[in-house]
Structure formats: structure tokens, C-alpha cells
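Here, residue 1 is the first one in the sequence, and each next residue gets the next number. These numbers come from the heavy atoms of this one structure, side chains and all, not from hydrogens, waters or symmetry mates.
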Amino acid sequence: MALDEYKRKRDFKKTPEPPPQRIQRRAAALSYLIQKHDATRLHYDFRLELNGVLLSWAVTKGPSLNPADKRLAVRTEDHPLSYGTFEGTIPHGQYGGGTVMLWDEGTWEPIDDPIAGLKKGHLSFLLHGERLRGGWDLIRMRGAGKRENWLLIKKNDDAARRSGDVLEEQTSSVKTGRSMDEIAGA
């Protein structure tokens, strides 16, 4: 089962994260989201719905709208679709302990066959998010290691920007409007 690794890493008696469960899809479009996650290190969890789970990458510096920026995206375990609405604090001592904010959400469209793209190591897609839009690529880096490293790169299109930092401009939750500190204190 695709969610075995997700389940193995968590104690659902101690964490408010949703346990793995199949949920009924409500829309024909595939969901996309980014969660800002202040764990051991601050990072952004990039998630794309496919085949009943959320494919997940930890983007260490967060996404950039500048096509010249290549952001490291480390593949992590698949997450259940129900994780797409999670916002809160994972207790310290638990896997991923820290505050989680829903930073962006929307839908995504694969440009080609996404299964073939994942196998090949090059996934091209369009995002229709509240904060991120337009064309993007996830490209797997060569070399065998214990982590599966990819690059998240913005395509040079109308949604691209050469200046400004969307991460500094957008600091509140798209779900609740709260800041990281407000979520942590709640």
C-alpha cells in the first residue's frame, strides 16, 4: 500500500495529523498544495495528487517564481489526500514535529503522462493555485543516494517573475489567514 511508510513514521495517538484513509474525490481536477513546515528546518512541502495519494517533496528553500532558480526538492513518502487540509502543530518528538501552515492550494494539470514522467524523472505540469500558477518542472537529479533529489523549476511564462520573493510577500495561511506564530500558539 502506498501509505505504509506514512503510517509507519507516525503515532496517531500523539499527532493531530490525519491517519491514512481513503477519501472520496470531490472534483475531477487533481489537487495541489504547499504546506510551510517549521520542523527541524523550515521548508515547504510540495504535494501533487495522483492515484489516490499526495506525492510529496520537501522543498528546502521553498518555490521561486524566477525560472533561473532551481530549488532542491527531496522526495518524501506519499501522504493521504486528507493531509491536504491539515494545518496545526505536530508535537516535538514526533516525526516532522513543528508547525504546519497551508501556504497554497489549488489544482494541477500534468502536461504529459505523469506516471511515465515520474519514472523518467521529469514531470512537467501546470499549477492553478491561489499563489503559484503557470508551468513548472520537477526534474530528478542523477546519482544514487539515500534521498531522491529533484529540482523544482518555474517555466518561463506569464506567471514567472524575475524579482521579488513570493515567500516573503505571502506569509499567512490560505486556509485561515493565520501566521505561523498564530498557528503554533493555537
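Using a 4.5 Å heavy-atom threshold, the side chains of R75 and R147 count as separate. Under the 4.5 Å side-chain criterion, counting only non-hydrogen atoms from C-beta, P63 is in contact with I34. Between D78 and E5 there is no side-chain heavy-atom pair separated by less than 4.5 Å. A heavy-atom distance below 4.5 Å is found between the side chains of I90 and H37. Contact of the L167 side chain with the D165 side chain is registered, since non-hydrogen atoms from C-beta on lie closer than 4.5 Å. Two residues are said to be in side-chain contact when any heavy atoms from C-beta on lie closer than 4.5 Å; W57 and L138 meet this criterion.
Side-chain contact check for E87 and S173: at least one donor-acceptor pair (N or O, by modelled atom type) lies under 3.5 Å. Under the 3.5 Å distance criterion, with hydrogens and angles disregarded, no donor-acceptor pair is assigned to the side chains of Y44 and D104.
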Given side chain to side chain donor-acceptor pair (under 3.5 Å), test D137 with S124 step by step and report yes or no. CA-CA 5 Å; D137 286 307; S124 290; 2.4 Å; yes
Worked verdict on H122 versus R140 for side-chain contact (heavy atoms from CB on, under 4.5 Å): CA-CA 6 Å; H122 189 158; R140 188 171 49 232; over 6 Å; no
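Ring-plane geometry between Y83 and F86 is classed as tilted, the angle between the planes lying from 30 to 60 degrees on a 0 to 90 degree scale.
In this structure, K155 and A160 approach most closely via the heavy-atom pair O-CB, 3.7 Å. Heavy atoms only, all atoms of each residue included: A184 and T89 are closest at CA-OG1, 3.6 Å.
At least one donor-acceptor pair under 3.5 Å links the side chain of R71 to the backbone N or O of K61. The closest donor-acceptor contact from the side chain of S56 to the backbone of L54 lies under 3.5 Å. Within the 3.5 Å criterion, the main-chain N or O of E130 finds a donor-acceptor partner in the side chain of R133. Within the 3.5 Å criterion, the main-chain N or O of P91 finds no donor-acceptor partner in the side chain of Q94.
For an aromatic pair to be called close, the ring centres must be under 6.0 Å apart, and Y32 with F46 satisfies this.
Enclosure of atom CZ in R41 is not indicated, since only 12 or fewer non-hydrogen atoms of other residues, nucleotides or ligands lie within 6.0 angstrom.
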